[in-house]
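We use all heavy atoms of the structure for the numbers below, so side chains are in, but hydrogens, waters and symmetry mates are not.
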Amino acid sequence: MPMKWVFHWQPNVGTTVNSQIISEVSQCVESINGVKEGRWKVTLAFYKPIFRDQAVPAEYPRDFLGISLPEQPNRHYFIIRGQKIVLEADSSIQTIMEKLQSYKARVSLTFEGTQYQLGDFQLRVGKVAPSNSENSRGIVMEQSKIVEYLPLSSMEKSRQILDGFVEIWQEAVSKRSLPGHFMPIEPNFAEFGLSDHYTSQHTAVQYAAVMAQLISAVQTAQTVRN
């Protein structure tokens with residue numbers, strides 16, 4: 001499987017994400033000869049347990065993330081962040097969970113946008129928004145960018161090639177003088193028991209890290225307002 005590298009948009013202090021920024025970033029891709037291939041979408045849900053007595057047994061995780069990836073439509077990925085566990089299951093697990101009423105999705109996010117092809121590279125640019133909202137809402141609306149190098153799946157071998165591509169990309173973005181910049185998501189995959197051979201579980205872990213960034217940004221904004 002080709003290696004992917006997820007980035008999130010870090011707005012400058014006092015600014016927020018809006019549709020104009022997303023439009024300008026898309027223009028940056030086209031300026032380096034990116035060819036549109038279609039739309040893409042990733043969904044992420046934050047699950048909490050359902051217990052009538054409100055007491056969570058010690059053997060149950062207090063929360064976890066569920067992630068659906070477009071390249072694996074028949075699979076669903078779970079991240080238990082506290083224990084650094086990533087699990088892969090059949091997509092039907094979501095229906096089973098609903099019937100068991102053991103956990104419920106409290107917050108859902110949708111990552112969606114346009115997919116581009118640039119030679120051997122694939123670039124996805126899009127917005128992040130609550131699943132029940134079409135519009136960005138302040139600081140919780142971020143952008144994600146997935147850089148994918150198709151021929152290689154070894155992370156060590158792919159990283160140098162991806163670094164060169166990202167340099168070109170960041171230079172193109174910097175020419176736009178946008179109020180922010182892309183930050184790479186670089187979790188410690190070994191903590192989750194993942195090897196150097198890239199898999200969809202690595203992608204799921206990166207999206208979980210994006211979620212953590214969003215939560216941190218919201219908490220920081222609330223602290224500043226208070």
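- Atoms CD1 and CZ, on Ile67 and Phe78 in that order, are 10.0 Å from each other to the nearest 0.5 Å.
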(request) Any chance you could lay out the side chain to side chain contact (heavy atoms under 4.5 Å, CB included) test for Val210 and Val6, step after step, and finish with the verdict? (result) CA-CA 8 Å; Val210 172; Val6 180; 3.7 Å; yes
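- Considering only heavy atoms from C-beta on, Phe182 comes within 4.5 Å of Val25 through its side chain.
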(request) Verify side chain to side chain contact (heavy atoms under 4.5 Å, CB included) between Ser26 and Tyr116, making sure each step is shown before the conclusion. (result) CA-CA 9 Å; Ser26 297; Tyr116 298 88; 3.5 Å; yes
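- Here the closest non-hydrogen pair linking Pro179 and Trp9 is C-CZ2, 4.0 Å.
- Without hydrogens or angle criteria, Asp163 side chain to Val166 main chain gives no donor-acceptor distance under 3.5 Å.
- Side-chain contact between Tyr47 and Leu65 is absent, with no heavy-atom pair separated by less than 4.5 Å.
- Tyr103 contributes atom OH, which lies 9.5 Å from atom CZ of Arg62 (distance to the nearest 0.5 angstrom).
- In summary, Arg81 and Asp63 engage in a salt bridge, as defined by a charged side-chain N under 4.0 Å from a carboxylate O.
- Under the 4.5 Å side-chain criterion, counting only non-hydrogen atoms from C-beta, Phe46 is not in contact with Leu109.
- Salt-bridge annotation for Glu71 and Arg124: present, with a side-chain N of the basic residue lying under 4.0 Å from a carboxylate O of the acidic one.
- Checking side-chain atoms of His202 against main-chain N and O of Lys4 turns up no donor-acceptor pair under 3.5 Å.
- Contact annotation: the side chain of Tyr207 approaches that of Val42 to within less than 4.5 Å [non-hydrogen atoms, C-beta and beyond].
- Linking ILVMFWY residues whenever their side-chain heavy atoms come closer than 4.5 Å, directly or via other members, leaves Val35 and Ile168 in distinct clusters.
- Under a 4.0 Å N-O distance rule, the pair Glu186/Arg159 qualifies as a salt bridge.
- For the atom pair CD of Gln72 and OG of Ser200, the computed distance is 4.0 Å after rounding to the nearest 0.5 Å.
- Taken from CD in Gln117 to CD in Glu37, the straight-line distance is 4.0 Å, to the nearest 0.5 Å.
- Between Leu118 and Ile32 the shortest side-chain heavy-atom distance falls below 4.5 Å.
- Under the 4.5 Å side-chain criterion, counting only non-hydrogen atoms from C-beta, Tyr77 is not in contact with Ser68.
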(message) Using side chain to side chain contact (heavy atoms under 4.5 Å, CB included), reason through Ile79 and Ile85 one step at a time and then give a plain yes or no.
(response) CA-CA 6 Å; Ile79 306 289; Ile85 295 173; over 6 Å; no
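- Looking at Gln206 and Pro187, their side chains come closer than 4.5 Å, going by heavy atoms from C-beta outward.
- Distance alone, capped at 3.5 Å, is enough to place a donor-acceptor pair between the Tyr198 side chain and the Thr203 backbone.
- Here the closest heavy-atom approach between residue Ala209 and residue Ile185 is recorded as CB-CG2, 3.3 Å.
- Within the 4.5 Å cutoff, the side chain of Lys41 has no heavy atoms near those of the Pro70 side chain.
- Nearest heavy atom pair, residue Phe192 against residue Val86, reads O-CG1, 4.0 Å.
- The shortest non-hydrogen separation linking Trp40 to Gln115 is CD1-N, 3.7 Å.
- With hydrogens and angles disregarded, no donor-acceptor distance shorter than 3.5 Å links the side chain of Thr15 to the backbone of Pro11.
- Rounding to the nearest 0.5 angstrom, the gap separating the CZ atom in Arg176 from the OG atom in Ser31 is 6.0 Å.
- Nearest heavy-atom pair, Met3 versus Met155, reported as atom, atom and distance to 0.1 Å: SD-CA, 3.7 Å.
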(message) Does Gln83 form a side chain to side chain contact (heavy atoms under 4.5 Å, CB included) with Phe64? I'd like the steps, not just the answer.
(response) CA-CA 10 Å; Gln83 287 77 29; Phe64 58 81; over 6 Å; no
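- At a threshold of 4.5 Å between side-chain heavy atoms, the hydrophobic network of Ile, Leu, Val, Met, Phe, Trp and Tyr places Met183 and Ile21 in two separate groups.
- For the atom pair CE (Met211) and CZ (Phe111), the distance works out to 8.0 Å, reported to the nearest 0.5 Å.
- Donor-acceptor pairing under 3.5 Å is lacking for the side chains of Gln94 and Glu98.
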